[in-house]
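Data block below; observations after.
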Amino acid sequence: MRIWGIALPSRAPVSFVVDGERLRASGTSTSDGLWLLPGLVDVHSHAGTEAPTDAYSHEVFRRHMLAHRAAGVLTVRSPGSADPVLDRADDADLPRLARSGRWLATPGRFFAGAGRRVEEDELPSAAVEEAVAGWCKVIGDWMPDDPPVPLDVLTATVDAVHAAGRRVAVHCQTAEGCRNAVLAGADSLEHGMHLDHSLLSRMAAQGTALVPTFTAFAGVLKGLEKSSDARFREWIQGGWEHAFPTVRAAYEAGVTVLAGTDNKPCGEVAGEISWLIKAGMPVEAAVGAGSWTARAWLGLPGLVDGGFADVVGYDADPCEEPDVLTRPRLIVLRGKLVG
Ligand SMILES: [Zn+2]
């Protein structure tokens, strides 16, 4: 198979042949080909369950991952899963998976009955256990007026996981929870809804990414009038309005902002990219947040000689016409034509 076109983000004309699962530069390229990305990436997707309280189902996992693949999403990070099996080999048909273990929830935090429940003093060792595949996911706070995981506990947790060579994603939505996640040195803030902008320079300096998950909150917002809890409604509405200037300011401060949907159906990261654009990120940075920037952050190469043969092609430049991201013309995963 030969693939040629304009590669993003370099905008260089490229020509590759597929050699097994790898790309090999070959011959001269023409500029008539497709616009090429190294696949889209959804960095926050819980494949395998429809809701956090469901039992993990591999059949559901496959369905979710195939929906991602059909949309050109060739890499998925799962920050929190119901799946207690941490050593399952990757399925070659499915997008690449960066996985954490189970959601780690301390008392009073997270959906009742969901995730792995631990006491605060057990969190550091449990996090190391769950991070065996690369990531762990800590529920750092929960409802608006409840205390977050204390800073000393979260710091000990992040330190223990880092000492094991793994990374920590922290769910945080309150200002205090976000602050603790940043001060503890988390690798990513998931949601970061009420994040104080004074923390952005520290996030940039220490390499803490922000995954704002607009797609999920747009869904919460739709059902919000049904909630009888006025405090909850005000907290969500205020957080939603705060998230737009936060994403813009985070980008400008040099924070890595990434596209994650945290939502069903799977395969809608193009919609998250459009939310990042609405928040004021330059279009190219927003497309990168759901593609090459996210891949690099996960340690995966882009469209280079010897890189993985993961390629999605479009008829137009997604940085000029981001809507084209919903209409992939070519999908190649691990060297196989799949769409
Ligand atoms: Zn989530």
Side-chain angles (χ1 to χ4, degrees), residues 5-14 31 34-44 71-75 77 178 182 187-193 195-218 239-263 268-298 300-304 311-328:
I6 305 294
L8 291 172
S10 69
R11 295 178 185 277
V14 292
S31 56
L34 298 169
W35 293 85
L36 304 176
L37 294 182
L40 297 177
V41 181
D42 188 336
V43 301
H44 193 131
V73 177
L74 303 186
T75 303
R77 185 184 62 141
C178 292
V182 174
D187 297 280
S188 67
L189 267 57
E190 309 299 317
H191 319 304
M193 200 166 59
L195 173 64
D196 185 329
H197 293 194
S198 67
L199 294 159
L200 294 172
S201 56
R202 178 155 179 169
M203 287 176 70
Q206 69 192 21
T208 300
L210 175 65
V211 185
T213 66
F214 282 109
T215 307
F217 285 107
W240 172 258
E241 286 161 15
H242 182 70
F244 289 81
T246 299
V247 163
R248 172 69 187 249
Y251 171 75
E252 288 176 349
V255 174
T256 301
V257 178
L258 297 171
T261 59
D262 195 15
N263 204 38
E268 304 216 329
V269 81
E272 184 68 21
I273 291 170
S274 70
W275 282 117
L276 298 178
I277 295 167
K278 284 188 190 110
M281 278 177 76
V283 178
E284 185 163 329
V287 175
S291 181
W292 60 84
T293 305
R295 275 180 78 98
W297 186 69
L298 293 169
L300 295 168
L303 295 171
V304 293
V311 186
V312 179
Y314 301 93
D315 287 323
D317 179 353
C319 299
E320 299 289 331
E321 286 181 46
D323 287 355
V324 81
L325 291 172
T326 61
R327 300 186 299 278

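Note that this is a predicted model, so its numbers are computed, not measured.
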Please report the closest heavy-atom contact between [X] and [Y], naming both atoms and the distance.
{"X": "A71", "Y": "L40", "value": "O-CD1, 3.7 Å"}
{"X": "I273", "Y": "A259", "value": "CG1-CB, 4.3 Å"}
{"X": "A289", "Y": "V257", "value": "CB-O, 3.2 Å"}
{"X": "T261", "Y": "T213", "value": "O-CB, 4.4 Å"}
{"X": "G302", "Y": "P38", "value": "CA-CB, 4.0 Å"}
{"X": "V287", "Y": "W292", "value": "CG1-CZ3, 3.8 Å"}

[X] versus [Y]: any side-chain heavy-atom pair under 4.5 Å?
{"X": "L37", "Y": "L325", "value": "yes"}
{"X": "R77", "Y": "L258", "value": "no"}
{"X": "W35", "Y": "E321", "value": "no"}
{"X": "S291", "Y": "L8", "value": "no"}
{"X": "P212", "Y": "L276", "value": "yes"}

Would you please name every residue forming a side-chain contact (heavy atoms from CB on, under 4.5 Å) with [X], sequence neighbours left out?
{"X": "T246", "value": "L195, H197, L210, H242"}
{"X": "A285", "value": "Y251, M281, P282"}
{"X": "S10", "value": "A7, A12"}
{"X": "A243", "value": "F214"}

With sequence neighbours left out, write down each residue that passes salt bridge (charged side-chain N to carboxylate O under 4.0 Å, His left out) with [X], or none if nothing qualifies.
{"X": "E252", "result": "R248"}
{"X": "E284", "result": "R11"}
{"X": "D315", "result": "R329"}
{"X": "E272", "result": "none"}

With sequence neighbours left out, the residues meeting side chain to side chain donor-acceptor pair (under 3.5 Å) with N263 are none
My understanding is that only residues two or more places apart in sequence, or in another chain, count here; which of them pass side chain to side chain donor-acceptor pair (under 3.5 Å) with T208?
Q206
Nearest 0.5 Å, what's the OG-CE distance between S198 and M203?
11.5 Å
Atom OG1 of T75 and atom CH2 of W297: how far apart are they, to the nearest 0.5 Å?
12.5 Å
Sequence neighbours left out, what pairs pass salt bridge (Lys or Arg N to Asp or Glu O under 4.0 Å) with at least one residue falling in residues 287-297?
R295-D310
Go through it in stages, so that I can follow the logic: the residues are V311 and L34, the test is side chain to side chain contact (heavy atoms under 4.5 Å, CB included), and I'd like the CA-CA distance, side-chain angles, deciding distance and then a yes or no.
CA-CA 11 Å; V311 186; L34 298 169; over 6 Å; no
Between V312 and L74, does a side chain to side chain contact (heavy atoms under 4.5 Å, CB included) hold up when you go through it step by step?
CA-CA 9 Å; V312 179; L74 303 186; 3.8 Å; yes
For L303 and V14, run side chain to side chain contact (heavy atoms under 4.5 Å, CB included): C-alpha distance rounded to whole Å, both residues' side-chain angles, the deciding distance at 0.1 Å, then the answer.
CA-CA 9 Å; L303 295 171; V14 292; 5.8 Å; no
Would you check if the side chain of D42 reaches a backbone N or O of V269 as a donor-acceptor pair within less than 3.5 Å?
no
Run the side chain to side chain contact (heavy atoms under 4.5 Å, CB included) test on H44 and S188 for me, step by step, so that the C-alpha distance in whole Å, both residues' side-chain angles and the decisive distance to 0.1 Å come before the verdict.
CA-CA 11 Å; H44 193 131; S188 67; over 6 Å; no
Holding to ring pair (Phe, Tyr, Trp, His ring centres under 6.0 Å), I want the full list of residues that pass it with F217, two or more places apart in sequence or in another chain.
H191
